[in-house]
Amino acid sequence: MQRYKSIISYDGSGFSGYQVQPNKRTVQSELEAVLAKMHKGKPIKVSASGRTDAGVHAKGQVIHFDSPLPISEEKWEIALNSLLPVDISVLSVIKVDSSFHARFDARGKEYHYVLQLSKKRDPFQRHFAYQYPYSLNLEAMMQASRHFIGTHDFTSFCSAKTEVEDRIRTIETIDFFLDGDFLTLRFVGNGFLYNMVRILTGTLIEVGTGKRKPEQMVDILGEKDRRVAGKTAPSQGLYLWKVFYD
């Protein structure tokens, strides 16, 4: 058996998330169905760097799987792309050591959250950006974001459904890029909790509208209570951009 590491991208708007769910279309179920077909019905498990929710996109999701088929890396990429649906693309496939694990070996991730700041609804962006018709104070948002840089307990900024007990994470960078009507928030850190980026974004939006002050972020972090943070931003604006490994 040979282990393969693959980088994939997908349009999340047509999926109920990454992970297999009964009677629902997911990215993992599509990948495993194609691999089973290539292996004459034998189930092949696919492991990913992490789950993405319904509607969330990926530019650089990382997966791994094991296979006995004597196929070159280039042909793996061609074969998978020929069989997968058009909303999933395999960007690369390489051989790795059998000890490699897409999730447990990940050392960090980069997420982008995209807002379209326009009063006019754009039907062509409805699945790919959060269309926000109100003006935002970007300077206040940037001031607020600085309080998240470093190592903190992010309990206030993760879903109440989060199962992991250790909620301490390190955020290295939060950048803001404005290009026309599009505002992109770039988050880089050693790991992110369930809905963490979307809740951070939702809270920063509330700062941008004046509902919250930048300095309040310190108290929200200290409360360790999801109820004191802002709303969860919609899923369609979120992209898993890159996964980092040693």
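Residue indices begin at 1 and follow the sequence shown.
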Does the distance from a Lys or Arg side-chain N to an Asp or Glu carboxylate O, for [X] and [Y], drop under 4.0 Å?
X: Arg198; Y: Asp53; value: yes
X: Arg107; Y: Asp246; value: yes
X: Glu32; Y: Lys45; value: no
X: Arg25; Y: Asp87; value: yes

When rounded to the nearest 0.5 angstrom, what is the spacing between [atom1] in [X] and [atom2] in [Y]?
X: Thr151; Y: Arg169; atom1: OG1; atom2: CZ; value: 11.0 Å
X: Lys37; Y: Ile44; atom1: NZ; atom2: CD1; value: 15.5 Å
X: Asp66; Y: Ser98; atom1: CG; atom2: OG; value: 8.0 Å
X: Ile174; Y: Leu204; atom1: CD1; atom2: CG; value: 6.5 Å
X: Ser156; Y: Leu221; atom1: OG; atom2: CG; value: 6.5 Å
X: Ile171; Y: Arg146; atom1: CD1; atom2: CZ; value: 14.5 Å

Using the side chain to side chain contact (heavy atoms under 4.5 Å, CB included) rule, take Thr184 and Phe176 through it: C-alpha gap first, then chi angles, then the decisive distance, then the call.
CA-CA 6 Å; Thr184 300; Phe176 294 74; over 6 Å; no
Write down the atom of [X], the atom of [Y], and the distance for their closest heavy-atom approach.
X: Ala140; Y: Pro214; value: O-CG, 3.5 Å
X: Asp181; Y: Ser118; value: OD2-CB, 4.1 Å
X: Ile199; Y: Gly230; value: CG2-O, 4.0 Å
X: Ile88; Y: Asn81; value: O-OD1, 4.4 Å
X: Ile149; Y: His152; value: O-NE2, 3.1 Å
X: Gln28; Y: Val20; value: OE1-N, 3.0 Å

Distance alone, cut at 3.5 Å: any donor-acceptor contact between the side chains of [X] and [Y]?
X: Thr201; Y: Tyr130; value: no
X: Asp122; Y: Gln131; value: no
X: Arg51; Y: Thr26; value: no
X: Glu110; Y: His112; value: yes
X: Asp175; Y: Thr173; value: no
X: Ser92; Y: Glu77; value: no

Has [X] got a side-chain atom pairing as donor or acceptor with [Y]'s backbone, closer than 3.5 angstrom?
X: His64; Y: Ala102; answer: yes
X: Gln125; Y: Gln116; answer: no
X: Gln216; Y: Lys213; answer: yes
X: His57; Y: Gln236; answer: yes
X: Glu206; Y: Ala229; answer: no
X: Ser159; Y: Lys161; answer: yes

Establish, yes or no, whether a centroid distance under 6.0 Å links the rings of Phe148 and Phe157.
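Judged by ring-centre distance (under 6.0 Å), Phe148 and Phe157 do meet the cut-off.
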Answer yes if [X] and [Y] sit in the same cluster of Ile, Leu, Val, Met, Phe, Trp and Tyr residues linked by side chain heavy atoms under 4.5 Å apart, and no otherwise.
X: Val62; Y: Val197; result: yes
X: Tyr18; Y: Met196; result: no
X: Phe177; Y: Tyr113; result: no
X: Tyr4; Y: Val90; result: yes
X: Ile205; Y: Leu178; result: yes

Carefully, step by step, assess Val114 and Leu183 under the rule side chain to side chain contact (heavy atoms under 4.5 Å, CB included).
CA-CA 6 Å; Val114 180; Leu183 174 64; over 6 Å; no
Assess whether atom CG of Asp179 is packed by more than 12 heavy atoms of other residues, nucleotides or ligands within 6.0 Å.
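Counting other residues, nucleotides and ligands, CG of Asp179 stays at 12 neighbours or fewer.
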When Tyr111 is tested against each of Trp241, Phe187, Tyr239, Phe192 for ring pair (Phe, Tyr, Trp, His ring centres under 6.0 Å), which residue passes?
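Of all the options given, the one that passes is Phe192.
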Do [X] and [Y] have side-chain heavy atoms sitting under 4.5 Å apart?
X: Ile168; Y: Phe154; result: no
X: Asn195; Y: Thr162; result: no
X: Arg103; Y: Val243; result: no
X: Ser89; Y: Leu84; result: no
X: Met38; Y: Trp76; result: yes
X: Pro68; Y: His39; result: yes
X: Thr203; Y: Arg212; result: yes
X: Val56; Y: Phe15; result: no

Please report the C-alpha distance between Ser135 and Thr209 in whole Å, then the side-chain angles of each, then the deciding distance to 0.1 Å, and finally whether the side chain to side chain contact (heavy atoms under 4.5 Å, CB included) criterion is met.
CA-CA 7 Å; Ser135 36; Thr209 60; over 6 Å; no
Would you check, one step at a time, whether the test side chain to side chain contact (heavy atoms under 4.5 Å, CB included) holds for Leu115 with Phe182?
CA-CA 6 Å; Leu115 295 99; Phe182 291 91; over 6 Å; no
Is the Lys NZ or Arg CZ of Lys5 less than 6.0 Å from the centre of Tyr245's six-membered ring, within 45° of the axis?
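Judged by the rule, Lys5 and Tyr245 form a cation-pi pair.
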Those residues that, when tested against Asp225, pass side-chain contact (heavy atoms from CB on, under 4.5 Å) (two or more places apart):
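side-chain contact (heavy atoms from CB on, under 4.5 Å) check on Asp225 returns Glu223, Arg227, Val228.
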